Every structure is written in C-alpha cells, then in structure tokens.
Amino acid sequence: MDRIIEISSVFVDLFNSSAGNQASADESDLPIPVQLQEITEDYIQKILTACCSQQAAGTPGFQSGSVVGSSGLRVNEFKPNLDWFNCTKPLLFNKDLKGKLVLLDFFTYCCVNCLHILPVLHSLQQRFTCEDGLVIIGVHSAKFPNEQQSVNVHHAIQKYSIEHCVVNDTDGTMWNDLAVCCWPTLVLIGPNGEPMLVVQGEEFHSQLLPTFIETALQILRQASMISSHYIPEIVPGRTTLQSLATSKQSSVTKQHLLYPGKVFAYTKKLKKRKNNGNETLNSSNLNYRHNGKILIAIADSGHHRIVISTVQGRVKHVIGGGGFGLFPSTTKKGFKDGNFTEALFHSPQGICFQNAHILFVCDSENHAIRMIDLKEKTVKTVAGNGKKGHDKYGGQMWNSQILNTPWDVVYYKRKARPQYQQQYTPQPYTPNQNYQQLQQSTSGPTPSPVRCLLIAMAGLHQIWALYLDKTSTSTCSSMKSKWCSKGLCTMVAGTGKEENRNNSYNGQRASFAQPSGLCLTKPSSRIGSGSNGSDPSLYIADSESSSIRRMYLDSMGKYRVLNVAGGSPDPTDLFSYGDIDGGAGANSRLQHPMDVAWNHKRNILYVADSYNHKIKYVTGLSDSHKQNHYNNGGGNTTTGGIPGSTGGSVHTLPLPVKLNEPSGLHFIENPQDGSSLLLIADTNNHSVWVYNFDTYVIKKLQLEFPKILESSPSNVVGTAQIRLNRRTGGQLMLRGRVTLGSSSGTEVLQTLEDEPHLNWTLQLPDSTWESKEIKSNTSISAVIGAAADFKYLIRIPKQEWEEDKNDENADDITSRDGNKRWNDKYNQEFENESDEDSEDESDDEEEVVILRCQTNVCQDNDKCVPVEFDFVVRVRYGDEENTPQAADTYFPYTLPYNKSSTKLLNRASSEIKSHAPTCSVDSPMELANNTSSSTTSNN
C-alpha cells in the first residue's frame with residue numbers, strides 16, 4: 001500500500017502542475033483537456049496492472065484475490081458490527097460494491113479541512129450516480145474520544161447535510177489497513193476491491209477527481225468491469241444504529257433552533273435625555289441598569305439564518321434561511337445579499353455587534369463576512385466572495401479578498417489616547433535582559449486609532465483583520481506600505497501551519513490549529529484605578545490543539561501569542577487533550593474547545609470545552625505586562641513547560657443541565673438588574689441557555705416568534721409614524737375601512753361569486769403592550785362598493801430612559817465591587833469623543849405595530865385567490881413635556897377588484913403597491929380627513 005500511495009502522490013503532483021492554477025468549482029464541469037486525459041489514462045492502466053500483479057499474501061490489510069474472483073491486491077472488508085448511516089445495512093466489497101468504483105473519504109467531523117471536501121463529494125454524487133458506477137462512503141476515523149460515539153457522528157451528519165453513506169470505524173481498522181496517516185484522505189477502490197488512487201489533504205485541483213473517475217469508468221466499462229446495479233440499502237436518513245433506528249424522536253426540522261453555532265449579545269441603550277432641573281434625581285432614575293435592553297444574536301447554523309431576540313426570547317428579526325417558528329427551512333441556503341427575506345447564508349457561525357444596528361456574521365460555508373443592518377433591514381457582503389481561497393497573507397480590499405472558512409469574529413476598537421495607552425517598543429529577547437530593562441526601552445510613537453474586525457480564519461489556521469478605517473502600519477505590520485486603507489483585509493497572526501506554536505515577540509511567527517472562538521478583554525484603565533492601564537487581549541479557542549491562546553493587541557502591532565490553558569509544550573503535538581482541571585498550560589487538559597467569553601467584572605475567562613460537554617473557567621489571569629512575555633524558551637512547573645504561558649488556573653463551572661457539544665459563549669451584564677449572564681449555545685441540544693451568576697439559575701431561552709415577523713414592502717398598503725411620550729407611555733387608536741372597488745377606479749354595481757371573509761391579525765412589539773379589539777368586520781358584502789371597518793385600541797407602556805452623562809450626581813454611581821462600571825462611565829474625555837459606533841445611544845427606539853388582513857375570493861371553478869395586505873404604524877418616543885400621550889391613525893383602503901373575472905387582484909399587483917400611503921407625524925395634530933392615511937396625536 002505504501003507503494004500505491006507513493007505512485008498516487010506522483011500522479012496528483014503531475015496532474016496539478018499540468019492543470020495549472022486551482023480551478024473553481026464551476027470550472028470542474030468544463031471539458032477535460034486532452035493532456036490531462038492522456039495522463040489519467042496512462043496512470044489508470046499502470047495502477048491496475050500493478051494491483052493485479054502484486055500478491056496480497058502477507059500484506060497487512062489486504063486479502064487474496066481469489067475471494068473476489070481475481071488475482072492481486074484487494075482491500076479487506078469493513079469490520080463487522082460497525083454503525084452505518086444513510087444506509088440500512090453494512091455494505092460489502094465482494095457483494096454490494098462488486099463492480100463499483102468506491103470512493104472512501106477518511107474524515108473526522110471536527111476537522112475543518114474535512115469539511116472542505118464535502119462540497120466536492122456532493123458534486124461527485126450528483127454527477128456520478130450509483131447506477132453510473134460510483135459509490136461514496138465516508139469512513140469516520142475519530143481523532144477525539146468524543147467523536148468515537150456514533151450518536152455524535154449522527155449529529156455531525158445532520159449538521160453538515162451529508163447524504164452519502166458513512167460508517168463509523170471506531171477502532172480505525174480500515175484506516176490502518178490502508179495506511180492512512182492524515183485527515184482528509186480519499187482512497188478510490190476499483191470494481192474488484194483494488195486500490196487505484198490515494199489523495200491526501202484538500203489541496204488538489206478541482207478537476208482531479210471528476211477527471212479520474214470519468215476516465216476510470218470509461219476504461220473499466222469497456223472492459224465490462226462496471227456494474228449498473230442499484231443498491232437498495234443506500235437510503236439517506238436511515239441508520240443501523242439501534243438507539244436511533246428504534247427511537248421516536250421528534251424531527252429536528254420542528255426545532256426553533258437547529259445546531260446553533262454561536263451566540264452574541266449587545267446592550268442597546270435608550271436615548272439620553274438631559275435633566276431640565278425641575279425634577280429630582282434619585283437612585284432609580286440614575287442607575288444605568290434600568291437604561292437598556294439586551295439584543296441577542298444567534299447563529300442558527302442548521303437553518304442557515306440569524307435570529308435576533310430579546311433576553312426574554314421575543315424574536316425581533318429572522319435574517320435568511322426562509323421560514324420561521326416551528327417550520328424553518330433546512331435547505332434554503334446560498335450566497336445572496338438583499339433584504340432579510342431575500343438574503344441567504346450557508347452555515348453561519350461567529351457573530352458580533354458593532355452597535356445596536358450593525359452586526360457582522362462569519363458565513364463559514366460561503367467563506368465570507370456579511371454585514372447586517374437592522375435599521376435598513378439589509379444584508380451586505382463586506383469580505384469574501386463565496387469561494388474558498390488559499391491566500392495566507394491577504395492585502396485585497398473588501399470582498400475582493402478571498403477568505404477560507406471564517407469561524408468567529410469580534411469588533412475591536414482603539415482610540416488614540418496616549419494617557420491611557422502604555423507606550424513601548426517590543427525588543428528582541430536576550431538571556432541577560434530582564435523585564436525592567438525592557439520597560440526602560442525607548443517608547444514608541446502614539447498609536448494610531450483602530451477600528452477593525454478580528455477574524456478567526458479556521459480554514460487557514462490564522463487570525464485576520466478587516467480594517468473599517470484607515471490606520472498606520474503599526475497596527476497591521478504584515479503590510480509594507482505606510483498606511484492600511486479602509487477595507488483592507490489581511491493576516492495579522494499565524495504562519496498558516498497547523499501547529500500549537502507560541503511566539504512572545506511577533507504573532508506572525510506563531511501558529512494556530514483551527515482557531516474557532518474569539519473574545520476581547522477590556523483595557524484595565526478605569527477611573528480611580530491609579531494605573532496607566534494596559535492593552536486589551538484577544539483570547540482564542542484553538543480547537544484542534546485543544547488549547548486556549550492569548551494574543552496581546554499591543555500598540556505596535558506585534559500581537560504576541562502565548563498559551564493560557566491546555567495544549568502541549570511540543571508545538572507539533574495536536575493530540576494532547578483530556579479533561580483535567582488545575583494549573584494552566586500543560587497541567588490542564590481540554591478537548592476541542594470551541595469558544596471563549598471574558599467576564600470583565602471579575603477578570604475570568606470562560607471556555608466552551610465542547611467535546612467534554614462542559615463550561616470551564618480560568619482564573620488568575622493578569623492584564624499587566626509584568627509577566628515574562630519575552631521568554632521564548634524554557635517554561636516552568638506552573639505553566640506546564642509551555643514557553644510564555646500567562647498562568648492562571650482552570651476549573652469546571654457546575655451547571656444543573658447536561659450540555660452536548662456547546663460551541664458558543666457570551667458574557668454580558670443585564671442592564672435591568674445588574675446581574676451577570678452567560679449565554680451558552682448548546683449546539684447538539686439545539687438550545688441556548690442563559691446562566692445567571694447572581695442567582696445560580698440557568699434557563700433555556702424560549703424563543704417566541706411573532707405571528708407576523710416581517711412586513712414585506714409589497715404587502716404594505718398604509719403606513720403611519722407617530723411620536724409618543726416615553727415617560728408616560730400612551731394610547732394608540734388604530735382604525736380604518738376596507739372597501740371593495742374596481743381596479744379601473746370606476747365604481748360599478750357588481751356582485752362577486754362569493755362573499756370575501758377577512759382574517760385580521762394584530763402584531764404588537766412585545767407582551768407589555770396591550771390591545772383591545774373594538775371593531776373588526778370579518779366579512780364584506782359581495783357587492784362592489786361594500787366596506788368593512790376595523791378599530792383597535794392599543795395601550796403602550798412607558799419606556800425607561802438614561803440620564804444625561806453630565807448630571808453631577810451620576811458620577812457617584814459605582815458597581816458592587818466599588819469600581820466604576822465598564823458599561824457606564826469612562827473618563828470624561830473618552831465620553832465626549834464622537835463615535836459613530838455609539839449612535840444607537842442617541843437614536844430613538846422605534847417600535848412597529850402591524851395589522852394584517854388576509855382574505856380570498858373563490859370563483860366558479862373553486863379556485864381561490866389569496867389576498868394579503870398590511871397596515872403599519874411606527875412608534876417613536878420623545879422626552880419633551882409637549883410630546884403627545886395619545887395618537888389616532890386612520891387607514892382608508894380600497895381593495896382592487898377585476899370586474900372582468902369577478903375576482904380580487906393578487907397581492908403582488910401594481911395596483912396594491914400604488915395604493916400604499918405614507919404618513920409621517922411628529923406634531924400634536926394632523927388633518928383628520930387625510931384621504932390616504934390620517935393620524936391624530938393628543939396630549
């Protein structure tokens with residue numbers, strides 16, 4: 001087998017060099033060049049001859065050719081009693097697979113490089129069917145103990161929509177028989193069980209496999225060696241695993257969430273108001289904890305969408321994916337920008353907010369960074385173009401830069417405040433130079449301000465940055481130019497080798513192994529701390545090395561990388577994993593951690609120890625630079641011998657629930673009561689948990705989807721904007737009349753075939769709003785000119801507000817530990833700086849009320865035409881004393897009717913769109929007789 005692997009490697013190299021540059025997936029369908037055809041035919045003839053002439057006797061992992069009716073080297077059968085997926089029974093080479101080309105994909109489901117092979121296999125399965133002579137079998141050969149369990153393999157098959165057969169080779173028998181040494185490895189088995197081709201890794205030309213398989217089928221079919229028989233045992237969705245085959249589990253398609261990958265939260269502050277001096281300030285209206293709302297963003301990866309909700313579970317937005325509530329889509333995926341209903345994602349993962357309106361998403365399977373605007377309700381691609389790239393340096397602008405499986409993202413911002421930035425220039429370490437000497441070195445220039453996205457590029461094992469503003473090269477030292485332009489996307493740390501290599505001088509010389517989770521610390525400078533502060537750090541969940549890494553975002557852009565917990569002192573050892581608490585570094589053990597979260601109140605790092613099904617936390621981490629960041633060798637007993645470890649201690653967070661491969665974490669402080677919350681994306685349990693550190697209570701986030709999630713612009717036939725008093729709340733009268741009319745505008749007396757029935761649905765922003773239906777007709781007389789009235793009284797709750805930052809008493813607010821709150825106050829100079837990221841703190845909160853009417857008209861042939869239209873009221877708030885406390889909106893609407901066919905027009909017709917009035921009201925009174933839509937507001 002070693003000889004076959006060697007010959008295959010030579011052929012793959014020859015094919016790649018002859019084919020030229022990497023081809024895209026679209027180019028794999030182009031005609032095969034003659035040169036490549038000749039190279040492939042020559043190799044197939046030689047490898048078949050070699051397999052037939054080589055004797056299997058005494059060769060480990062192979063059987064005699066007489067078993068299958070021919071001489072030569074033949075692969076062994078799969079070990080019996082293994083669990084199979086997407087088929088109903090084990091498949092045998094000398095029976096079921098006789099006369100077929102069998103492509104074995106040796107993979108482990110944690111490996112991002114293995115995930116890159118799945119689109120290739122899907123394309124091959126679509127191009128060559130079983131009757132054509134090709135069968136694809138995934139041979140799952142686990143790296144981690146958790147992956148050996150067949151139930152977890154089943155989750156992975158569903159999560160990644162794998163449709164070909166998969167066998168869980170728990171003991172790695174076939175792996176050893178075929179001398180496989182890395183993931184992924186593809187082995188093509190001939191019609192009599194002879195190994196024909198071995199392809200290691202993912203870096204091969206996109207035309208290699210299609211060309212080889214098509215050529216091999218032609219040659220073998222001419223030799224009458226290919227059978228076109230159907231294999232009825234291959235059934236997608238079926239399994240031989242008894243615990244799954246016999247259980248009566250509910251379908252995952254009925255879950256609100258399906259394999260949620262990441263979760264993120266943002267405190268959305270309400271509009272600041274100034275104290276007019278006439279009201280008394282007290283603790284209740286000064287406390288910032290009553291001045292915000294939490295928005296939670298969930299990457300619903302299995303449904304290919306992003307869900308935005310409140311901390312109570314009230315869903316505000318669903319972006320992409322199609323469907324909502326109990327009936328979301330698992331197949332509506334793709335790569336498309338547009339509004340929330342048009343946009344498409346493919347297995348989104350990492351999420352971060354820039355402000356209350358803008359968030360960024362790692363669209364992992366599309367190899368792109370997407371930007372979501374909650375105010376404009378649009379999705380836009382800012383980096384990547386939907387294709388997997390191999391560039392390990394970057395340097396292109398925006399979506400001209402091709403990415404490779406971005407898995408997590410954080411928003412990083414640094415302002416140029418010399419008094420709060422520790423200035424230093426990192427110097428090369430020498431054995432006789434200590435920390436004090438380094439501190440006395442010449443200070444560097446004032447650092448440039450930075451606004452960027454830091455990206456965990458899992459597919460390239462690197463950390464990248466997308467710069468949202470122009471900045472100097474001191475913050476992006478991989479570039480040789482003086483400035484990094486706005487929109488520049490570039491590598492900032494990692495060589496691209498899959499290793500666990502730290503570097504205490506320059507992060508670009510460090511190496512990662514599939515970084516999958518990121519979180520930022522806060523600068524330690526606070527008012528009254530008496531410290532000059534320190535730079536923030538980026539903590540990284542380095543999943544394949546089972547370690548947590550720390551990257552210092554120093555002002556000179558060196559981005560040193562050190563170890564925190566887990567991993568091995570040997571940077572090439574990616575198999576040091578386990579479940580051991582204790583000292584940091586190699587004294588502790590993790591198993592494939594997927595995310596990290598930083599508790600800025602207590603300086604604690606939380607870790608989603610995914611394959612141990614636990615949440616762990618690291619204490620004793622220091623923000624100071626008094627640790628030996630520059631030792632590039634040695635190590636000590638406290639750090640497990642890992643050079644430059646940052647110390648600390650690892651513990652398990654006791655939770656009363658059983659997690660299943662948690663992949664997402666986020667820490668946030670609840671602005672309502674000041675409690676500390678940890679959000680947990682419990683991936684394989686299809687859930688998000690909210691753990692309260694103050695009460696030690698964990699609750700499942702129960703998502704409540706509204707009846708009307710979004711109102712399509714084509715459905716809106718009437719809109720109004722009102723403004724009410726924030727402090728007192730108010731009332732809204734929503735009323736109007738729907739009239740049957742002619743599409744030509746001429747009223748004629750005509751009777752419809754049937755009386756239209758009206759189905760009214762009122763959607764309020766949340767459960768604190770109350771409504772009373774005063775009048776709403778459920779039908780209209782079947783006569784042109786007939787009308788139906790509707791009338792609803794809505795009570796709007798009062799809104800909390802945030803006191804102006806200049807109130808002198810506000811400076812006395814402190815947190816429970818006596819320090820100024822991070823989310824509350826900074827230095828006055830910092831607060832006064834203009835910042836486009838904090839625009840949500842000065843914008844009014846807008847709530848939307850939607851009244852939807854659904855009806856249809858049936859014709860003589862019993863065909864019914866559905867009609868659906870919406871009336872929308874947008875509510876904004878004001879703090880002024882003369883702001884109204886009540887408003888009255890009136891919507892007259894004529895429902896177009898086609899007299900020639902005695903039916904109502906379809907809702908998408910231009911007539912309905914043309915009847916959509918817009919009324920913007922900001923004054924106490926409006927003309928009550930507005931012919932389109934009238935709104936009256938009263939104090």
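Bear in mind that the values here come from a model prediction, so they are computed numbers and not experimental data.
By the side-chain hydrogen bond (donor to acceptor under 3.5 Å, both in side chains) test, Thr170 is found to be paired with no residue, residues two or more places apart in sequence or in another chain being considered. Taking His122 as the reference, nothing meets the side-chain hydrogen bond (donor to acceptor under 3.5 Å, both in side chains) condition, with sequence neighbours excluded. By the side-chain hydrogen bond (donor to acceptor under 3.5 Å, both in side chains) test, Lys497 pairs with no residue at all, sequence neighbours left out. With sequence neighbours left out, the side-chain hydrogen bond (donor to acceptor under 3.5 Å, both in side chains) criterion links Asn86 to no other residue.
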Exercise. Yes or no on side chain to side chain contact (heavy atoms under 4.5 Å, CB included) for Phe93 and Asn76, after CA distance, side-chain angles and deciding distance?
Worked result: CA-CA 8 Å; Phe93 284 105; Asn76 280 333; over 6 Å; no
For this session: Applying ring pair (Phe, Tyr, Trp, His ring centres under 6.0 Å), run through Phe107 and His140 and close with a yes or a no.
Result: CA-CA 5 Å; Phe107 77 108; His140 187 264; 5.1 Å; yes
Problem set entry | Residues Gln125, His164; criterion side chain to side chain donor-acceptor pair (under 3.5 Å); working and verdict | CA-CA 8 Å; Gln125 192 173 27; His164 56 263; 4.6 Å; no
Problem set entry | Worked check of side chain to side chain donor-acceptor pair (under 3.5 Å) between Ser546 and Tyr611 | CA-CA 10 Å; Ser546 295; Tyr611 285 1; over 6 Å; no
Problem set entry | Intermediate values then yes/no, ring pair (Phe, Tyr, Trp, His ring centres under 6.0 Å), Phe512 and His461 | CA-CA 5 Å; Phe512 301 93; His461 315 292; 9.5 Å; no
Exercise. For Tyr109 and Tyr160, what are the C-alpha separation, side-chain angles and deciding distance, and is it a ring pair (Phe, Tyr, Trp, His ring centres under 6.0 Å)?
Worked result: CA-CA 9 Å; Tyr109 72 77; Tyr160 300 119; 7.5 Å; no
For this session: In sequence, state the C-alpha distance, the side-chain angles, and the governing distance for Phe15 and Phe212, and then conclude on ring pair (Phe, Tyr, Trp, His ring centres under 6.0 Å).
Result: CA-CA 10 Å; Phe15 189 98; Phe212 190 93; 8.8 Å; no
For this session: Kindly determine whether Asp682 and Asn660 satisfy side chain to side chain donor-acceptor pair (under 3.5 Å), including the steps that lead there.
Result: CA-CA 6 Å; Asp682 193 4; Asn660 193 343; over 6 Å; no
For this session: Go through the steps to decide whether Ser18 and Leu14 satisfy the test side chain to side chain contact (heavy atoms under 4.5 Å, CB included), and finish with yes or no.
Result: CA-CA 6 Å; Ser18 301; Leu14 179 61; 4.0 Å; yes
For this session: Apply the test side chain to side chain donor-acceptor pair (under 3.5 Å) to residues Gln37 and Glu41: give CA-CA distance (whole Å), side-chain angles for both, the deciding distance (0.1 Å), then the verdict.
Result: CA-CA 6 Å; Gln37 184 82 20; Glu41 291 177 355; 3.2 Å; yes
Exercise. What's the verdict on side chain to side chain contact (heavy atoms under 4.5 Å, CB included) for Leu344 and Phe335, showing C-alpha distance, side-chain angles and the deciding distance?
Worked result: CA-CA 5 Å; Leu344 295 176; Phe335 183 58; over 6 Å; no
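Salt-bridge formation is detected for the pair Asp96/Lys89: a Lys NZ or Arg NE/NH1/NH2 atom is positioned less than 4.0 Å from an Asp or Glu carboxylate oxygen. Salt bridge annotation for Asp169-Lys79: absent, with no cationic side-chain nitrogen under 4.0 angstrom from a carboxylate oxygen.
Contact check for Leu186 versus Gln200: no side-chain heavy atoms found under the 4.5 Å cut-off. Between Leu220 and Leu101, the closest side-chain pair of non-hydrogen atoms falls below 4.5 Å. Between Asp300 and Ile306 the shortest side-chain heavy-atom distance does not fall below 4.5 Å. Residues Ile369 and Pro406 meet the side-chain proximity criterion, which asks for heavy atoms closer than 4.5 Å. Using a 4.5 Å heavy-atom cutoff, the side chains of Pro328 and Arg305 are in contact. Side-chain contact check for Asn152 versus Asn146: some heavy-atom pair is nearer than 4.5 Å. Looking at heavy atoms from C-beta onward, Lys387 lies out of side-chain contact with His367 at the 4.5 angstrom threshold. Side chains of Ile117 and Phe204 form a contact here, defined as non-hydrogen atoms less than 4.5 Å apart.
Distance check, rounded to the nearest 0.5 Å: CG of Leu82 to CZ of Phe78 gives 8.0 Å. Atoms OG1 and CG, on Thr683 and Leu659 in that order, are 9.5 Å from each other to the nearest 0.5 Å. If you take CG on Leu197 and CD1 on Ile7, they are separated by 11.5 Å, rounding to the nearest 0.5 Å. The OG1 atom of Thr572 sits 11.5 Å away from the CD atom of Glu498 when rounded to the nearest 0.5 Å. We find the OG-CG distance between Ser364 and Asn404 to be 10.5 Å, quoted to the nearest 0.5 Å. Expressed to the nearest 0.5 Å, how far CG of Leu36 lies from OG1 of Thr215 amounts to 9.5 Å.
Close placement of the Phe144 and His592 rings is indicated, their centers lying within 6.0 Å of each other.
Sorted by first and then second residue, the salt bridge (charged side-chain N to carboxylate O under 4.0 Å, His left out) pairs with a member in residues 222-232 form an empty list; sequence neighbours excluded. Applying the salt bridge (charged side-chain N to carboxylate O under 4.0 Å, His left out) test to every pair with at least one member in residues 133-156, sequence neighbours left out, gives these pairs: Lys143-Glu544.
Shown are Gln158, His303, Lys159, Glu661; of these, the side-chain hydrogen bond (donor to acceptor under 3.5 Å, both in side chains) with Tyr259 is made only by Gln158.
The side-chain tip of Arg238 does not point at the ring of Phe85 from less than 6.0 angstrom away and within 45° of straight on.
A donor-acceptor pair is defined here as one N or O able to donate and one able to accept, closer than 3.5 Å; such a pair exists between the side chain of Gln514 and the backbone of Val112. Not a single donor-acceptor pair under 3.5 Å links the side chain of Ser123 to the backbone N or O of Pro119. A distance-only check finds a donor-acceptor pair linking the side chain of Asn168 to the backbone of Gln148 [under 3.5 Å]. Not a single donor-acceptor pair under 3.5 Å links the side chain of Asn685 to the backbone N or O of Ser687. Distance alone, capped at 3.5 Å, places no donor-acceptor pair between the Asp408 side chain and the Ala456 backbone. Proximity of a side-chain donor or acceptor of Thr239 to a complementary backbone N or O of Trp84 within less than 3.5 Å is detected. At least one donor-acceptor pair closer than 3.5 Å links the side chain of Gln462 to the backbone N or O of Lys392. In this structure a side-chain-to-backbone donor-acceptor pair under 3.5 Å is missing from Ser663 to Gly261. Within the 3.5 Å criterion, the main-chain N or O of Pro348 finds a donor-acceptor partner in the side chain of Ser301. A donor-acceptor pair under 3.5 Å is absent between the side-chain atoms of Arg74 and the main chain of Asn94, judged by distance alone.
No hydrogens or angles considered: nothing links the side chains of Asn399 and Thr381 as a donor-acceptor pair under 3.5 Å.
Relative orientation of the Phe106 and Trp175 rings is perpendicular, given thresholds of 30° and 60° on the angle between their planes.
Across every non-hydrogen atom of Ala142 and Thr108, the tightest pair is CA-OG1, 3.8 Å.
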